[in-house]
Amino acid sequence: SLPRLTLFYDYDIVGDDKEILKHFYSKDFDFTKTLILEQKLDVSLVGGKGKVSIISYLPNKILANASTNTTALLFLSDTYYPGWRVFVDNAETKIYRANYAFRTIVVPEGEHTVEFVYEPWSFKMGLLLAVVGALGIVSGAKILDIKNKISKVQSKN
């Protein structure tokens with residue numbers, strides 16, 4: 001198995017899920033040196049050297065340092081799943097699905113701070129609906145309280 005974070009300098013393109021698995025398990029594919037992606041990248045990769053280390057690993061946030069002497073792919077052996085965003089030196093970048101089920105990003109030459117953050121839109125929508133619901137309940141209770149006070153005043157007159 002691979003470490004949680006690894007730098008790669010080579011990839012193959014395979015667009016179909018069944019073909020990805022077939023390619024991955026073929027006897028001439030070396031998963032320790034090459035990633036399988038579904039699309040061509042806008043950068044070219046040549047062999048290089050680098051290192052990556054985890055600074056912090058939490059369920060919703062991963063912080064790492066990456067250093068490479070040429071453009072590389074930083075592979076994270078966590079599941080590819082919608083809702084994750086990634087920032088390289090505070091600039092958002094695209095996450096690619098690698099090796100069928102994992103995440104990878106392009107890391108330019110040099111030393112970089114990489115931050116993966118889980119921010120699904122469904123959580124934000126749920127939070128918004130909860131706040132709106134709570135405001136609705138409070139408003140409704142306030143309206144009922146005002147109506148009760150008006151009824152009491154009217155019944156006295």
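Quantities reported herein were computed from a predicted structural model and do not represent experimental measurements.
- A single hydrophobic cluster is not seen to contain both L76 and L45; linkage of ILVMFWY side chains at heavy-atom distances under 4.5 Å, directly or through other members, places them apart.
- The side-chain contact (heavy atoms from CB on, under 4.5 Å) with T104 is formed by just one residue from the set L37, L41, I36; it is L37.
- Without hydrogens or angle criteria, Y9 side chain to K49 main chain gives a donor-acceptor distance under 3.5 Å.
- There is no path of hydrophobic side-chain contacts, each under 4.5 Å, that joins L35 to V107.
- Annotation: side chain of T71 is in contact with side chain of V106 (closest heavy-atom distance under 4.5 Å).
- A pairwise comparison of heavy atoms in A66 and V114 identifies CB-CG2, 4.4 Å as the closest pair.
- Tracing side-chain contacts under 4.5 Å through hydrophobic residues (I, L, V, M, F, W, Y), one reaches W84 starting from L5; they form part of the same cluster.
- The aromatic ring centres of Y80 and F102 sit 6.0 Å or more apart.
- The pair R97-D17 meets the salt-bridge criterion, with a side-chain N (NZ, NE, NH1 or NH2) lying under 4.0 Å from an Asp/Glu carboxylate O.
- Residues P82 and Y118 approach most closely at O-CE1, 3.5 Å, considering heavy atoms.
- Taking 4.5 Å as the limit, some side-chain heavy atom of N65 sits within range of a side-chain heavy atom of T113.
- When each of D12, N99, T34 is paired with H23, the side-chain hydrogen bond (donor to acceptor under 3.5 Å, both in side chains) condition holds for D12 and for no other.
- Annotation for D30: atom CG counts as buried by contact number, over 12 foreign heavy atoms lying within 6.0 Å.
- Taking all atoms of both residues into account, the shortest heavy-atom contact from L7 to A72 is CD2-CB, 4.2 Å.
- Crowding of E92 atom CD: a count of heavy atoms from other residues, nucleotides or ligands under 6.0 Å exceeding 12.
- Listed here is the closest heavy atom pair of S56 and L58: OG-CG, 3.9 Å.
- The closest donor-acceptor contact from the side chain of T68 to the backbone of T70 lies under 3.5 Å.
- Annotation: side chain of Y96 is in contact with side chain of Q39 (closest heavy-atom distance under 4.5 Å).
- More than 12 heavy atoms of other residues, nucleotides or ligands shown are found within 6.0 angstrom of CG on D16.
- Remark: D78 engages R103 in a salt bridge, criterion side-chain N to carboxylate O under 4.0 Å.
- Taking every heavy atom of both residues into account, E115 and L63 meet most closely at CB-CD1, 3.8 Å.
- Within the 4.5 Å cutoff, the side chain of F116 has heavy atoms near those of the I105 side chain.
- Transitive grouping of hydrophobic side chains (ILVMFWY, heavy atoms separated by less than 4.5 Å) brings V14 and Y25 into a common cluster.
- When the side chains of ILVMFWY residues are joined at heavy-atom separations under 4.5 Å, either directly or via intervening members, Y57 and L74 end up in a single hydrophobic cluster.
- Residues V52 and T6 are not in side-chain contact: their nearest non-hydrogen atoms beyond the backbone lie 4.5 Å or more apart.
- More than 12 heavy atoms of other shown residues, nucleotides or ligands fall within 6.0 angstrom of atom CZ in F29.
- The closest side-chain heavy-atom distance from D10 to K33 is not below 4.5 Å.
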